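Quantities reported herein were computed from a predicted structural model and do not represent experimental measurements.
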Amino acid sequence: MPAVPRRRFLGLAGSLAGAAALSGLGAASSLAAPDGVLRIGVKALPGALNPLTVSDLVARQVLGAMYESLTTVDANGRILPGLAVAWDASEDARRWRLRLREGVVFHTGRPFTARDVKRSFEAALATEGANFAVLALSKVKGFQALRTRSTQELAGVSVLDEHTVEVICDEPCAIFPFARFNIVDVDAAQQAGPTWFRSMSAGTGPYRLVRAAEGIRIDVEANPQWRGGGVPFNQVSFLATGVGNDGITLFNDSQVDFTFVDTDALRGVIDDPGFKRSLSNVQRMQMRVLALDQRRVKAFTDLRVRQAMSLLIDREAMAERFFRGVATVHKGVVPPALLSNDKLMPLTYDPALAGKLLKDAGFPEGRGMEPFSVAVLPEYRREFVYYVSQWNNAGIPARLVTAPRDEFIARSRRRDYDAFLFGWTATYPDPMNFLDELFTSRSRFNPVGWSNPTYDDLIQQAMAMPDPVRRAEIYKDAERIVMNELPVIPLVVPDYVALRGNVLSDNFITPFGGLNFG
């Protein structure tokens with residue numbers, strides 16, 4: 001790839017958007033949705049919407065309309081009661097007692113009870129592969145026995161009465177009630193067969209499934225028995241728009257009422273005055289990094305090389321120019337809204353120091369480094385042209401490659417790339433969602449297999465502290481270890497930016513990438 005000087009690249013980035021022809025004027029009003037119908041455009045619909053095996057953000061967005069968890073979060077990220085109305089922990093956070101909401105009814109018509117919580121946990125663990133529920137339940141007593149099919153019952157979960165559940169963990173778990181669990185009418189699902197989720201929903205959420213055309217659209221309708229009362233729309237349709245500018249075009253033609261704006265299309269939308277009244281944005285509770293696989297590229301094993309690659313990124317300029325100011329520069333791997341860590345130094349832009357570090361590592365001006373590829377999804381190509389150009393300018397032999405979404409997700413999960421974009425969006429508002437679930441040595445979602453025994457010990461200490469203020473101090477020390485070793489390179493985190501019709505409120509997008517259907 002030919003090198004592009006940084007300042008010239010960032011100047012070109014703004015003009016590239018002009019080629020997208022995204023005028024927000026003259027929308028075709030004849031295609032407006034019927035009253036009471038909301039149409040949401042998503043890049044691609046998951047092939048299977050099984051609430052027990054969900055492991056990606058888009059599936060979580062769709063399922064959020066139909067399924068509820070023990071707790072929920074508001075638009076500001078505060079924990080609120082969900083299907084649980086109260087929860088109490090033992091002093092060492094190994095035992096939790098949850099009082100459940102009464103009067104809740106599943107879409108199937110059956111009353112929700114404490115037994116359904118236990119059954120949902122067991123059904124999620126009985127599935128193959130890793131998913132959000134498996135990670136959240138990994139500390140519960142009996143987890144391994146159930147995963148290895150030695151038993152069909154999760155020993156650590158007891159039903160005390162119709163609306164009280166007790167959960168016992170093999171080790172401390174201070175954040176247990178806050179993790180995302182889709183609670184399901186498992187009995188009804190099993191009676192309907194292994195592909196039950198294609199034809200019905202069995203949750204307690206504000207909407208219930210009407211029909212699903214795989215990969216094309218999913219229609220849900222208002223649940224008349226929802227515990228929260230009336231909902232703002234009689235029907236919500238999720239429509240696959242494709243990547244790039246397709247969703248914006250459909251919004252402009254009044255074929256969808258809401259669509260997220262891809263990173264590469266961001267500048268064109270923000271700069272177009274025709275879209276001004278339709279723009280909505282919220283800061284993401286997300287970690288966004290370049291994952292470096294030290295098994296595949298020998299140079300990555302040298303901390304000085306990793307530090308040099310980080311120093312060659314001007315994050316402030318990217319946030320201001322490429323992302324038009326709707327982005328956040330983090331100092332670490334936890335969003336600053338969750339953890340304000342005064343023990344971290346800002347991530348600076350310093351090409352001279354980067355050059356010295358490369359020389360000290362035995363790669364003066366990149367000489368001697370083996371070529372490596374940086375893999376991203378197509379919608380992030382323009383952003384990564386800048387990063388790769390910066391490394392090329394310093395002599396680092398990086399090459400940018402793109403891959404279709406399904407291929408990219410599958411290969412990155414099995415660490416089949418030299419380096420790749422890795423993003424992780426919080427499911428609950430606690431730093432543990434990042435520090436434990438991504439960087440402990442035993443995590444199934446650890447993007448590069450990094451491990452540090454001291455770090456693992458700190459996370460264990462934090463897990464034993466139900467008090468969030470005391471936990472925060474340990475979190476800071478743990479995050480500092482990650483940043484000192486830099487197994488991943490933090491990137492700029494753009495806001496969630498969307499185009500929305502007048503029928504939607506300002507807080508329709510949550511900081512966790514969800515959609516506020518209540």
Side-chain angles (χ1 to χ4, degrees), residues 33 37-69 72-73 82 106-108 120 124 127 131-133 180-185 189 192 195-223 226 228 231-243 246-247 250-251 255-262 282 284-286 405-406 409 423 425-427 496 498-501 503-504 507-518:
V37 176
L38 173 65
R39 300 159 304 169
I40 297 174
V42 295
K43 286 182 284 190
L45 287 170
L49 276 173
N50 187 341
L52 297 172
T53 61
V54 58
S55 61
D56 70 84
L57 181 59
V58 175
R60 200 170 76 198
Q61 289 170 343
V62 178
L63 290 168
M66 295 179 276
Y67 294 88
E68 295 183 283
S69 186
T72 186
V73 295
F106 282 107
H107 300 160
T108 58
S120 294
T127 62
N131 56 63
F132 293 138
R180 176 75 193 184
F181 307 104
N182 289 318
I183 304 302
V184 175
D185 182 350
T195 60
W196 64 272
F197 48 85
R198 302 183 194 278
S199 58
M200 61 179 278
S201 56
T204 62
Y207 292 90
R208 60 191 182 189
L209 184 67
V210 177
R211 67 187 66 86
E214 280 192 25
I216 301 173
R217 69 181 291 158
I218 295 167
D219 297 324
V220 299
E221 65 182 4
N223 173 16
W226 185 50
V231 291
F233 301 99
N234 297 326
Q235 178 178 309
V236 177
S237 295
F238 298 89
L239 308 171
T241 64
V243 298
D246 293 344
L250 291 172
F251 180 86
Q255 295 185 53
V256 296
D257 306 298
F258 175 91
T259 185
F260 281 106
V261 177
D262 284 343
V282 65
R284 299 186 195 218
M285 293 289 186
Q286 186 182 74
R405 177 169 293 272
D406 289 346
I409 291 173
T425 302
T427 56
Y496 286 116
L499 292 168
R500 60 177 177 84
V503 294
L504 290 172
N507 67 347
F508 185 66
I509 314 170
T510 76
F512 302 88
L515 303 176
N516 186 6
F517 294 103

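Panel note: side chain E68, backbone I183; no donor-acceptor pair is recorded below 3.5 Å. Judged by distance alone, with hydrogens and angles left aside, the side-chain atoms of D257 form a donor-acceptor pair with the main-chain N or O of R39 at under 3.5 Å. Under a 3.5 Å cut-off, the side chain of H107 and the backbone N or O of Y67 do not form any donor-acceptor pair.
With sequence neighbours excluded, no residue forms a side chain to side chain donor-acceptor pair (under 3.5 Å) with S199. Under the side chain to side chain contact (heavy atoms under 4.5 Å, CB included) criterion, N234 pairs with no residue, sequence neighbours left out. Contacts of S237 classified as side chain to side chain donor-acceptor pair (under 3.5 Å), with partners at least two apart in sequence or in another chain: R217, D219, Q235. Applying the salt bridge (Lys or Arg N to Asp or Glu O under 4.0 Å) rule to R208 yields the partners E221; only residues at least two apart in sequence or on another chain are considered. In this structure F181 satisfies the ring pair (Phe, Tyr, Trp, His ring centres under 6.0 Å) test together with F121, F176, sequence neighbours excluded. For the ring pair (Phe, Tyr, Trp, His ring centres under 6.0 Å) test, residues two or more places apart in sequence or in another chain that qualify with Y496 are F260. Take F512 and apply the ring pair (Phe, Tyr, Trp, His ring centres under 6.0 Å) test, not counting sequence neighbours, and it matches no residue. Under the rule for a side chain to side chain contact (heavy atoms under 4.5 Å, CB included), the partners of A192 that lie at least two apart in sequence or sit in another chain are W196, M200. Checked against side chain to side chain donor-acceptor pair (under 3.5 Å), R284 has no partners two or more places apart in sequence or in another chain. With sequence neighbours left out, A222 forms a side chain to side chain contact (heavy atoms under 4.5 Å, CB included) with Y207, V231. Annotation: side chain to side chain contact (heavy atoms under 4.5 Å, CB included) contacts of L250 (sequence neighbours excluded): T241, Q255, V256. When the side chain to side chain donor-acceptor pair (under 3.5 Å) test is applied to T427, the partners found at least two apart in sequence or on another chain are N433.
Taking CG of D262 as the start and CG of D246 as the end, the distance is 9.0 Å to the nearest 0.5 Å. Taken from CD1 in I216 to CZ in R211, the straight-line distance is 13.0 Å, to the nearest 0.5 Å.
When all heavy atoms are compared, the tightest approach of P51 to L63 is CA-CD1, 3.8 Å. Residues F197 and L209 come closest through the heavy atom pair O-CD2, 3.7 Å. Of all non-hydrogen atoms in V282 and P511, the two that sit nearest each other are CG2-CG, 4.2 Å. Of all heavy-atom pairs spanning S201 and M66, the tightest one is CB-SD, 3.8 Å. Smallest separation of non-hydrogen atoms from V54 and A59: CG2-CB, 3.6 Å. Taking all atoms of both residues into account, the shortest heavy-atom contact from G247 to T259 is O-CG2, 3.6 Å.
Residues I40 and V62 fail the side-chain proximity criterion, which asks for heavy atoms closer than 4.5 Å. Taking the side chain as every heavy atom from C-beta outward, R60 and T425 approach each other to under 4.5 Å. Inter-residue side-chain proximity for V503 and F233 is flagged as met; some heavy-atom pair is nearer than 4.5 Å.
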From CA spacing to verdict: side chain to side chain contact (heavy atoms under 4.5 Å, CB included), F238, L49 = CA-CA 12 Å; F238 298 89; L49 276 173; over 6 Å; no

request  = Go through the steps for V58 and K43 under the test side chain to side chain contact (heavy atoms under 4.5 Å, CB included), then give the verdict.
outcome  = CA-CA 9 Å; V58 175; K43 286 182 284 190; 5.9 Å; no

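Of the candidates N223, T204, V184, T204 is the only one forming a side-chain contact (heavy atoms from CB on, under 4.5 Å) with F106.
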